[in-house]
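Every value quoted in this text rests on a predicted model; they were computed, and no experiment measured them. Chain A is the first sequence line, chain B the second, and so forth, proteins listed ahead of strands; every chain is numbered from 1.
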Protein chains: 2
Amino acid sequence: MENSILTPRKQKLLAMIVEKYITTGEPVGSKTLCEALDMAVSSATIRNEMAELSEMGYLEQPHTSAGRIPSQKGYRYYVDNLMGVYELNEEERRGIASWLEPTSADPDKVLERAGGILAQLTNCAVVSTSPSDTQAVIRRAELVPIGTHTAMIVMLTSAGTLKSRVCRVDCELTLEVIESFYNIASKHFIGRSANDISTAMIQTLAAALGEKALLMTPLLVALSELAEASSRLDIRLDGQSNLLNYREFYENAFELMEFLHHSNSLAQLVTRGRGDTDIKIGTENLFRELENSSTIMSRYFIGGHDSGSLGIIGPTRMDYAKIVPSIKYLSQLVGSMLSDTLDS
Amino acid sequence: MENSILTPRKQKLLAMIVEKYITTGEPVGSKTLCEALDMAVSSATIRNEMAELSEMGYLEQPHTSAGRIPSQKGYRYYVDNLMGVYELNEEERRGIASWLEPTSADPDKVLERAGGILAQLTNCAVVSTSPSDTQAVIRRAELVPIGTHTAMIVMLTSAGTLKSRVCRVDCELTLEVIESFYNIASKHFIGRSANDISTAMIQTLAAALGEKALLMTPLLVALSELAEASSRLDIRLDGQSNLLNYREFYENAFELMEFLHHSNSLAQLVTRGRGDTDIKIGTENLFRELENSSTIMSRYFIGGHDSGSLGIIGPTRMDYAKIVPSIKYLSQLVGSMLSDTLDS
DNA sequence: GTTAGCACTCAAACAATAAGAGTGCTAACA
DNA sequence: TGTTAGCACTCTTATTGTTTGAGTGCTAAC
């Protein structure tokens, strides 16, 4: 981007400050830097440079007599221009793979396992979504009688999501009712995209049924609820408690945790990233609750199609250089495992 | 129980101390008690009584110059003998009911809603289990082809739990394969209790299949995994973040949260209580992670059958007198709602 | 452009003090 | 015998002042 603005030495300093701060969590001062530095340059010079970096907005100071810590802008510059693209070595790759592979082929199980691994690897909270497919259509809709007045409605989409709901009808579940359920389902639901099912449509449908409507309404409502549920993202959350280990979250732990359990917000978070792997730092996340957090979101692909997300939420002070390749590798692995089972 | 040991005045004092401490969170001293007390008795007398209560193990002192707080034994005595059985008034009952009722009949939705309400009402973490039935048998087992080599196996039990798993077979999913799946399923799975399906049984089954075994094995494995999953309790957790608001959990927040996400432990917790509503205080919970917590677990009944749990986890310093009736009422409400839909 | 040196700032650590809460004990009292 | 007043004692908490050390910014010399 605008890396021409920073001299090579400033770049090197900024990188060192970021990396040092990431590992120690303490503001880093000119002396520390000077020692850890091979360039034969005195702490005074470094101080000058740091003063300039501060003025430019890349660093900030908790208080006058403390060292510097990277500002949000500093992290951003580091991530965009300075961060070494660390490659996982063979051993690490194998480690991850051997953890993931013995899982059963089931997508949910794969993601559960992947979430666990990533949480452990990064010490952050992990968010992931089940494979989703905007092209998906409703493939089956079944009514399974549970009692004389109770039925379970099951809906299966072509994307492989299965949702069910138990519902109760006021009259007895006669064969006739069941039959007309199947008629309606196959006529108006099967083959349609789950997004197309609106409450308006349900209402017109019910109206058209005339007197039979009373019996069928709860079933239709269940169907539309299921359609709604099928079209909504299934979001997994793993390793949330990891975040409780970071000082920076002590104060607002409650708010942060509440936020994580609020799946609406998570859905926005997860769908927003464009690009293969998307890093958002601090307020770039737009959610007030995340202003001290960074998120790294990555997409996985099934048979070449963009199908889901895998990412983490952690403190801005995180080891981007190590975490990014882990996420990339893992989401690629997840993608290929799911492709094996789903793409055929 | 052994309430004969405590004089009426000691009982009254203990009750007051517990209640005061519950609301303020501060150790309570003799003077405070004396003021809040109608009995015409001086602080000195109260001090004598408190000293005795301490000696008997009902109270403890954080440090010499602090007031007293109830010990675990003190809480226990309070709960067993002193606690007023507070009755929810009509308004409160209606409030809870009106929050719960508009939910759809689906058990999972009902419990989700109930969990939310209880979490808000008690400011604790809420644990609940879906209706389970030890008598339940496998009712349907279906194979839905997803691709040429991939199938979704769906299992439905008579208790109304639906589980599914995607799995992959090495050969093409011909009609023949599907047919023999149904043969095996209806012969060895349908009508059986999920508990009866063991890996040993799967192995003998596979052995008996001879050369067809290779194709069928992944399907059989999936079936047994599903049986296992169906027989396991489905545990919901709500309002976990509430616990982050209590001072007493600040230090071990991470461990506590980890514990809550460890469903094995939760399952033990939830199944252990005998009796209608079961209160466990501190170390009575047997889990090290809960030694500063109390749990209140209640069962709900569907059509007269003990079917599931609803309970909370919170600090030992909780308002037992108010929480107990809330839980009781709510679980009774849940029971009757679920009976309406499921028992027929 | 770099460096040494120095005065300056500020947080963190420490010690000393004071204030206050609450206790236990004793001796007197009903 | 149970109750009470009084008092010395303990221990926490808050406050204040002091010291220490890290780190800075600036200046003048190289």
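Listed by first then second residue, pairs satisfying salt bridge (Lys or Arg N to Asp or Glu O under 4.0 Å) with a partner in residues 54-63 of chain B number zero, not counting sequence neighbours.
N48(A) has its CG atom 11 Å from the P atom of dG1(C), to the nearest Å. dG22(C) atom C1' lies 13 Å from atom CD1 of I46(B), rounded to whole Å. Distance CG (L13(A)) to P (dT2(C)): 11 Å, rounded to an integer number of Å. In this structure, CZ of R47(A) is placed 14 Å from C1' of dT9(C), rounded to the nearest angstrom. Rounded to whole Å, atom P of dG22(C) lies 11 Å from atom NZ of K20(B). The nearest whole Å value for the distance from the NZ atom in K31(B) to the C1' atom in dG20(C) is 10 Å. The nearest whole Å value for the distance from the CZ atom in R9(A) to the C1' atom in dT3(C) is 12 Å.
Residues that satisfy the side chain to side chain donor-acceptor pair (under 3.5 Å) test with S54(A), not counting sequence neighbours, are R68(A). Residues passing the side chain to side chain donor-acceptor pair (under 3.5 Å) test with Y75(A), sequence neighbours excluded: none. Residues passing the salt bridge (charged side-chain N to carboxylate O under 4.0 Å, His left out) test with R317(A) are E248(A), sequence neighbours excluded. Take Y86(A) and apply the ring-ring contact (aromatic ring centres under 6.0 Å, His included) test, not counting sequence neighbours, and it matches no residue. Residues satisfying the salt bridge (charged side-chain N to carboxylate O under 4.0 Å, His left out) test with K10(B), not counting sequence neighbours, are E49(B), E52(B). With sequence neighbours excluded, the residues that form a ring-ring contact (aromatic ring centres under 6.0 Å, His included) with F287(A) are F259(A).
A66(A) comes within 4.0 angstrom of the backbone, heavy atoms only, and of no base.
Of the side-chain N and O atoms in T45(A), none sit less than 4.0 angstrom from OP1 or OP2 of dT2(C).
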For a salt bridge (Lys or Arg N to Asp or Glu O under 4.0 Å) check, start with the C-alpha distance between E284(A) and R76(A), then their side-chain angles and the critical distance, and finish with the verdict. CA-CA 10 Å; E284(A) 292 170 10; R76(A) 174 47 68 195; 2.5 Å; yes
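Between H63(B) and E49(B), the residue anchored nearer the 5' end of DNA chain D, judged by the nucleotide with its closest heavy atom, is E49(B).
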Under 3.5 Å for both distances, Watson-Crick or G-U wobble, that's the pair rule; now give the dot-bracket for DNA chain D, with | marking pairs to another strand and [ ] for crossing ones. ||||||||||||||||||||||||||||||
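When only modelled atom types and interatomic distance are considered, R299(B) and S309(B) share a side-chain donor-acceptor pair under 3.5 Å.
In the 5' to 3' direction, nucleotides of DNA chain D lying under 4.0 Å from heavy atoms of chain A begin and end at dA22(D) to dG25(D).
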